[in-house]
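All remarks here apply to the structure that follows.
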Amino acid sequence: MTPVTPVFLPGDLIAELLSFLPVKSLVRFKCVNKAWKTLISDPTFVKLHLNRSSSTRNPLFTLVILHVPTTTMVYGKVGRGNSVVPYSLNRLIQNPSFTLSVDPYYRLTGRQSSYIIGTCNGLILLIGGDLYGYFRLWNPTTRTMSYKFGHFRSFDSPAHHRFTFLGHYKFSFGLDNSTDTYKIVASNYNPNIVRIWSVGHYGWKDIQSFPVVPVHSYFGENDVHNAVYLSSTLNWLAVHNDFDYDIKNLKVEQFVIVSLDLRTETYNQYRLPRDFHEMPSALPIVAVLGGFLCCSYFYKETDFLIWQMKELGNDESWTQFLKIRYQNLQINHDYFSDHEFIHDTVKYHFQLVPLLLSEEADTLVLKTSQESHPILYNWKENRVQRTKVTTSTTVTDDSRNSILWCSAKVYVESLVPIF
């Protein structure tokens with residue numbers, strides 16, 4: 001028998017081949033030998049793998065599930081908790097109706113956390129506490145969790161103002177890619193204060209306050225107006241000058257997108273798309289779809305428009321991505337009523353939120369305020385599918401569960417370490 005000649009692969013070829021594998025496999029392969037463990041943990045390899053994951057692998061998103069106990073009462077209040085479960089967007093499109101069994105690992109109460117703030121490069125920023133808050137970074141794929149950091153009470157509240165930190169500030173999360181530093185932004189408009197915590201450093205730092213009024217300052221309970229992260233920037237829908245909570249009193253020329261550059265910690269302002277010249281019945285939505293900053297809004301109560309900023313930072317590069325007629329979505333936007341007040345009230349509370357875009361950019365996941373489950377719209381085939389995702393409970397679980405679809409965020413599995 002002819003002896004088998006061993007094949008030796010150069011280290012750079014091994015790294016190239018391994019970079020195409022999923023995270024869970026690579027975590028196991030750290031046990032092959034010391035050289036592989038060193039390679040897979042190397043920051044250069046981690047970045048290479050992240051770039052491959054972001055561009056070639058099955059896209060994921062976070063399903064945020066609210067658990068409300070049906071029997072457990074704590075000091076007269078119903079205790080609540082959340083789970084955050086990464087799920088495949090392709091699987092949702094292929095099978096829009098299913099029951100999800102929630103692994104207890106994804107329950108945030110077991111992580112001494114309450115809410116998800118954001119995701120970036122496979123890391124999920126969680127927040128916990130009450131009057132005194134803190135953060136934790138979590139990589140659910142590598143199953144690693146940071147210690148608590150960023151502790152604070154409401155920064156500016158005098159002793160007689162008993163604001164809890166969750167009710168007083170809005171938080172955002174992103175990466176300064178010039179230094180590979182993850183940053184948390186705490187913002188409040190009244191008073192107008194913005195502070196930044198750089199992960200791996202200690203202490204909050206004041207930066208310039210908002211030059212305009214972020215819409216989330218008035219509609220803080222609505223996740224659709226939170227900041228969206230793209231390429232070292234955080235972006236909010238905003239208006240010039242204060243307003244009185246009634247969108248009917250706003251004018252189109254008041255609207256801008258305010259963008260915080262995490263590298264320079266300075267602001268830019270961008271105009272909305274050029275055809276935004278008539279006040280819609282609901283506030284525009286700023287989102288990230290398909291790797292582009294997007295702006296969507298109702299048009300003449302017959303269509304829904306989505307625009308893409310093809311060159312981030314250039315408001316001359318707005319390009320219309322989709323114009324969808326309501327009838328194609330099979331939703332009822334005809335609010336005519338015998339009672340003018342009812343018509344007006346319902347009209348101004350209707351929302352249509354683009355949540356996710358498929359890898360092929362042909363299917364949108366949209367959430368309408370009329371329905372509890374999102375809809376899938378394939379614009380190439382002009383086909384609509386209703387989703388119905390439920391969650392299963394364990395024998396010992398007495399909670400009532402609901403999915404917070406407007407809190408869904410794009411997620412990518414990565415080897416990025418917890419600091």
Side-chain angles (χ1 to χ4, degrees), residues 23 40-55 60-62 64 84 86 108 111-129 133-152 155 165-166 169-187 193-208 223 226-236 259-268 288 291 293 312 407-419:
V23 173
I40 294 169
S41 303
D42 183 83
T44 302
F45 178 81
V46 170
K47 187 171 290 189
L48 172 65
H49 182 269
L50 176 64
N51 292 335
R52 292 268 161 78
S53 297
S54 302
S55 60
L60 303 174
F61 67 99
T62 54
V64 181
V84 177
L108 297 190
R111 318 205 158 276
Q112 298 178 299
S113 303
S114 307
Y115 304 97
I116 174 175
I117 298 299
T119 71
C120 187
N121 292 346
L123 299 181
I124 295 178
L125 180 67
L126 304 175
I127 194 168
Y134 55 80
F135 301 94
R136 303 189 81 180
L137 277 176
W138 176 35
N139 186 328
T141 312
T142 60
R143 296 195 167 227
T144 52
M145 172 77 78
S146 77
Y147 53 81
K148 299 175 185 177
F149 66 95
H151 293 75
F152 67 94
F155 297 116
F165 79 100
L166 286 175
Y169 277 80
K170 298 293 288 186
F171 299 96
S172 311
F173 177 56
L175 172 70
D176 168 3
N177 61 16
S178 68
T179 60
D180 282 336
T181 301
Y182 292 90
K183 295 183 177 182
I184 303 168
V185 176
S187 59
I193 295 174
V194 181
R195 291 187 169 183
I196 284 184
W197 182 287
S198 297
V199 176
H201 300 76
Y202 183 79
W204 290 95
K205 178 178 68 173
D206 287 324
I207 66 168
Q208 177 191 352
D223 285 343
N226 287 345
V228 295
Y229 171 80
L230 179 64
S231 300
S232 288
T233 67
L234 291 167
N235 304 273
W236 295 263
S259 180
L260 174 61
D261 190 322
L262 295 176
R263 295 161 295 195
T264 61
E265 299 178 357
T266 58
Y267 299 97
N268 293 296
V288 173
L293 188 67
L312 182 62
S407 296
K409 305 176 191 300
V410 173
Y411 179 75
V412 57
E413 292 185 332
S414 82
L415 292 162
V416 175
I418 303 299
F419 66 93

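Heavy atoms only: backbone and side chains are in, while hydrogens, waters and symmetry mates are out. Quantities reported herein were computed from a predicted structural model and do not represent experimental measurements.
With rounding to the nearest 0.5 angstrom, the CE atom of M145 is 5.0 Å from the OG atom of S113. Separation of atoms CG (L175) and CZ (R263) is listed at 10.0 Å; rounding is to 0.5 Å.
Residues E413 and L60 meet the side-chain proximity criterion, which asks for heavy atoms closer than 4.5 Å. Side-chain contact between V84 and I124: present, with at least one pair of heavy atoms (C-beta onward) separated by less than 4.5 Å. For the pair Y267/D261, no side-chain contact is recorded, criterion being any heavy-atom separation below 4.5 Å from C-beta on. Using a 4.5 Å heavy-atom threshold, the side chains of W236 and L260 count as touching. When side chains are defined from C-beta on, L125 does not count as touching W138, because their heavy atoms never get closer than 4.5 Å. At a threshold of 4.5 Å between non-hydrogen side-chain atoms, the residues D206 and I196 do not count as touching. Looking at heavy atoms from C-beta onward, F171 lies out of side-chain contact with S187 at the 4.5 angstrom threshold. A 4.5 Å side-chain heavy-atom check between N226 and K170 finds at least one atom pair inside the cut-off.
T179 pairs by the side chain to side chain donor-acceptor pair (under 3.5 Å) definition with D176, T181, not counting sequence neighbours. Applying the side chain to side chain contact (heavy atoms under 4.5 Å, CB included) test to T144 and every residue at least two apart in sequence or in another chain returns N139, T142, I418. In this view, D180 and K47 satisfy the salt bridge (Lys or Arg N to Asp or Glu O under 4.0 Å) rule, not counting sequence neighbours. Remark: N268 pairs with no residue by the side chain to side chain donor-acceptor pair (under 3.5 Å) rule, at least two apart or across chains. For V410, the side chain to side chain contact (heavy atoms under 4.5 Å, CB included) partners are L356, not counting sequence neighbours. Looking at residues two or more places apart in sequence or on another chain, you find no ring pair (Phe, Tyr, Trp, His ring centres under 6.0 Å) involving Y411. A search for ring pair (Phe, Tyr, Trp, His ring centres under 6.0 Å) contacts involving F61 returns nothing, not counting sequence neighbours. Evaluation of the side chain to side chain donor-acceptor pair (under 3.5 Å) rule for T233 yields N235 as partners, not counting sequence neighbours. With sequence neighbours left out, K205 forms a salt bridge (Lys or Arg N to Asp or Glu O under 4.0 Å) with E265. Partners of Y229 by side chain to side chain donor-acceptor pair (under 3.5 Å), not counting sequence neighbours: none found. For Y202, the side chain to side chain contact (heavy atoms under 4.5 Å, CB included) partners at least two apart in sequence or on another chain are W197.
Proximity of a side-chain donor or acceptor of R136 to a complementary backbone N or O of L126 within less than 3.5 Å is not detected. At least one donor-acceptor pair closer than 3.5 Å links the side chain of S414 to the backbone N or O of N121.
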Can you check side-chain contact (heavy atoms from CB on, under 4.5 Å) on K409 and I116, steps first, answer last? CA-CA 10 Å; K409 305 176 191 300; I116 174 175; 4.3 Å; yes
With side-chain contact (heavy atoms from CB on, under 4.5 Å) as the test, would you mind laying out the steps for R195 and I207 before giving the verdict? CA-CA 6 Å; R195 291 187 169 183; I207 66 168; over 6 Å; no
Does the side-chain contact (heavy atoms from CB on, under 4.5 Å) test come out yes or no for L50 and L415, once each step is laid out? CA-CA 7 Å; L50 176 64; L415 292 162; over 6 Å; no
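Here the shortest heavy-atom pairing between S231 and L312 reads CB-CD2, 3.9 Å. Minimum interatomic distance between H151 and W204 (heavy atoms only, all atoms of both residues): O-NE1, 4.0 Å. Nearest heavy-atom pair across L262 and G174 is CD1-C, 3.6 Å. Between S172 and A227, the shortest heavy-atom distance links the atoms OG-CB, 3.4 Å. When all heavy atoms are compared, the tightest approach of T62 to S407 is OG1-O, 4.1 Å.
Ring centroids of F173 and F135 are separated by 6.0 Å or more, keeping the two rings apart.
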